[in-house]
Participant: 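The structure that follows is given in the form of structure tokens.
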Amino acid sequence: MAHDLNNIISAIIDYTDLSLTSENLPQNNKSNLLQLQKVSRSACYFINNIGLISSRGIAARCMCMDPLISASLETIQKNFPPNIDMVISAPERLDKVNIEPTLLDLLLVQLCKNAVQAIENSNGVLHVKYERKTAGSEPALKVIGS
């Protein structure tokens, strides 16, 4: 499935790249194509990671969440536009959970990317709060952009 999706995204990227080479391209069309190019490349990254996970299977293991979340958020923040800051609220220590680290990283990347895109053209702060929760309660991770 990931292979088929990757073929579709590759075609979108190729045709977008080809369209961007046009000399008489109106600025609004060029802007739209650049946005399509950016989103398509993100989708390709996401699909490739899904393919990687599915090819090796989900290998959840008991891990401490603190270093996983901290490392992911640190890497994500390095790719933020300069006009967006990140504020992280976290408990002292989270319990160990059974998790596939790559899936957690993908989830965090996607959540933060969506929030950043919502505030991208202005100054803003992305508030990331994670806390200890019991199964069946509210989501443990909330990403709020302002």
Side-chain angles (χ1 to χ4, degrees), residues 1-61 63-91 94 97-133 135-146:
M1 186 169 110
H3 177 73
D4 293 335
L5 288 171
N6 205 27
N7 287 342
I8 293 167
I9 293 295
S10 293
I12 293 170
I13 290 171
D14 290 345
Y15 281 108
T16 302
D17 290 346
L18 183 62
S19 297
L20 284 167
T21 63
S22 176
E23 293 177 16
N24 299 325
L25 188 63
Q27 183 57 40
N28 64 332
N29 290 359
K30 183 176 182 177
S31 178
N32 290 340
L33 286 169
L34 288 170
Q35 183 63 26
L36 178 62
Q37 184 182 53
K38 181 179 172 182
V39 170
S40 297
R41 292 187 196 286
S42 293
C44 192
Y45 165 79
F46 190 73
I47 290 166
N48 286 335
N49 280 312
I50 289 171
L52 177 68
I53 291 166
S54 64
S55 69
R56 68 174 192 203
I58 302 233
R61 52 191 184 271
M63 302 184 75
C64 184
M65 296 288 290
D66 302 332
L68 292 175
I69 293 173
S70 294
S72 285
L73 291 177
E74 184 178 316
T75 302
I76 291 166
Q77 189 173 17
K78 288 179 184 176
N79 294 307
F80 273 18
N83 59 315
I84 299 176
D85 294 320
M86 180 188 284
V87 175
I88 301 169
S89 302
L94 292 174
V97 296
N98 283 327
I99 192 158
E100 162 56 58
T102 308
L103 287 175
L104 175 66
D105 188 58
L106 280 173
L107 173 68
L108 291 171
V109 166
Q110 205 57 45
L111 286 171
C112 290
K113 187 184 295 184
N114 290 348
V116 166
Q117 285 176 349
I119 57 176
E120 189 168 26
N121 294 327
S122 60
N123 294 333
V125 178
L126 178 67
H127 296 272
V128 179
K129 178 180 179 181
Y130 58 98
E131 58 191 27
R132 209 175 279 107
K133 290 284 184 177
S137 65
E138 292 180 37
L141 179 72
K142 294 179 184 176
V143 178
I144 304 164
S146 62

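FYI, side chains are in, hydrogens and waters are out, and symmetry mates aren't considered; it's all heavy atoms of this structure.
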Participant: Please lay out, stage by stage, how Leu73 and Tyr130 fare under the test side-chain contact (heavy atoms from CB on, under 4.5 Å).
Facilitator: CA-CA 11 Å; Leu73 291 177; Tyr130 58 98; 4.2 Å; yes
Participant: OG1/Thr16 to CG/Leu36 distance, rounded to the nearest 0.5 angstrom?
Facilitator: 4.0 Å
Participant: Please tabulate, for side-chain N and O atoms in residues 20-27, each donor-acceptor pair with protein atoms closer than 3.5 Å (sequence neighbours left out).
Facilitator:
| from | atom 1 | to | atom 2 | distance (Å) |
| --- | --- | --- | --- | --- |
| Thr21 | OG1 | Leu18 | O | 2.5 |

Participant: What distance do Ile13 atom CD1 and Ile8 atom CD1 have between them, rounded to the nearest 0.5 Å?
Facilitator: 12.0 Å
Participant: Does any pair with a residue in residues 73-86 pass side chain to side chain donor-acceptor pair (under 3.5 Å), and if so which ones, sequence neighbours excluded?
Facilitator: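 Qualifying pairs: none.
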Participant: List the residues meeting side-chain contact (heavy atoms from CB on, under 4.5 Å) with Asn114, not counting sequence neighbours, and say none if there are none.
Facilitator: Gln110, Gln117
Participant: Once rounded to the nearest 0.5 Å, what's the spacing between atom CG of Leu33 and atom CG of Asn28?
Facilitator: 9.5 Å
Participant: When rounded to the nearest 0.5 angstrom, what distance separates CD1 in Ile76 from CD1 in Ile69?
Facilitator: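 Result: 10.5 Å between the selected atoms.
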Participant: Identify, with sequence neighbours excluded, every residue that meets salt bridge (Lys or Arg N to Asp or Glu O under 4.0 Å) alongside Asp17.
Facilitator: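 For Asp17, the residues satisfying salt bridge (Lys or Arg N to Asp or Glu O under 4.0 Å) (neighbours in sequence not counted) are Arg41.
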Participant: Which atom names give the shortest non-hydrogen contact between Ala115 and Leu126, and what distance separates them?
Facilitator: CB-CD1, 3.2 Å
Participant: Write out all pairs satisfying side chain to side chain donor-acceptor pair (under 3.5 Å) with one or both partners inside residues 64-73, taking only residues at least two apart or from two chains.
Facilitator: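 Listed once each, the pairs are Ser72-Asp105.
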Participant: To the nearest 0.5 angstrom, please state how far the CD1 atom of Ile12 sits from the OG atom of Ser40.
Facilitator: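 Nearest 0.5 Å value for the CD1-OG distance: 5.0 Å.
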Participant: If you compare all heavy atoms of Ser122 against all heavy atoms of Ile84, which two are closest, and at what distance to 0.1 Å?
Facilitator: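 Here Ser122 and Ile84 meet closest at O-CG1, 4.3 Å.
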Participant: Out of curiosity, Asn32 CG to Gln37 CD, how far, rounded to the nearest 0.5 Å?
Facilitator: 12.5 Å
Participant: With sequence neighbours left out, what residues match Lys30 under salt bridge (Lys or Arg N to Asp or Glu O under 4.0 Å)?
Facilitator: none
